[in-house]
Amino acid sequence: MPKKLKPFIEGLAVGCVFISITMLFQIPLYMSFIIGALAALGGYRNSIKMDKEKTAKKEQNQPSDNKKDTE
């Protein structure tokens with residue numbers, strides 16, 4: 001899966017789940033779509049944030065090859 005497409009798919013999945021949940025509680029359809037859209041936006045932003053944290057943690061754990069011995 002392309003890296004740029006992943007946040008969109010995760011956001012869409014979160015939005016669909018929230019729409020399904022709100023439909024169970026018999027909330028009006030337009031309100032379910034609004035809640036789902038906001039949840040999708042949050043899922044998209046969270047996915048991007050988690051990817052940045054994951055790459056930062058990976059870079060932090062990598063041993064640095066640029067260290068120079070000062071002996």
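For the numbers below, each heavy atom of this structure counts, side chains included, while hydrogens, waters and symmetry mates do not.
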Can you give the donor-acceptor pairs under 3.5 Å from side chains of residues 33-44 to other protein atoms, not counting sequence neighbours?
none

What side-chain donor-acceptor pairs closer than 3.5 Å can you find for residues 11-25, not counting sequence neighbours?
{"unit_1": "Ser20", "atom_1": "OG", "unit_2": "Cys16", "atom_2": "O", "d": "2.9"}
{"unit_1": "Thr22", "atom_1": "OG1", "unit_2": "Phe18", "atom_2": "O", "d": "3.1"}
{"unit_1": "Thr22", "atom_1": "OG1", "unit_2": "Ile19", "atom_2": "O", "d": "2.9"}
{"unit_1": "Thr22", "atom_1": "OG1", "unit_2": "Ser32", "atom_2": "OG", "d": "3.0"}

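For residues 27-44, the set of pairs meeting the salt bridge (Lys or Arg N to Asp or Glu O under 4.0 Å) definition, not counting sequence neighbours, is empty. Among residues at least two apart or in separate chains, salt bridge (Lys or Arg N to Asp or Glu O under 4.0 Å) pairs with a member in residues 10-22 are Lys6-Glu10. Screening residues 16-30 for salt bridge (Lys or Arg N to Asp or Glu O under 4.0 Å) gives no qualifying pairs among residues at least two apart or on separate chains. Within the structure, the salt bridge (Lys or Arg N to Asp or Glu O under 4.0 Å) test picks out no pair touching residues 27-47 (sequence neighbours left out).
In this structure, Gln26 has no side chain to side chain contact (heavy atoms under 4.5 Å, CB included) partners at least two apart in sequence or on a different chain.
Note that NZ of Lys49 and CG of Asn46 are 5.5 Å apart. Values are rounded to the nearest 0.5 Å. How far OG of Ser47 is from NZ of Lys54: 10.0 Å, rounded to the nearest 0.5 Å. Here the straight-line distance linking atom CE of Met50 with atom OG1 of Thr55 works out to 11.5 Å at 0.5 Å rounding.
No more than 12 heavy atoms of other residues, nucleotides or ligands sit less than 6.0 Å from atom CD of Gln60.
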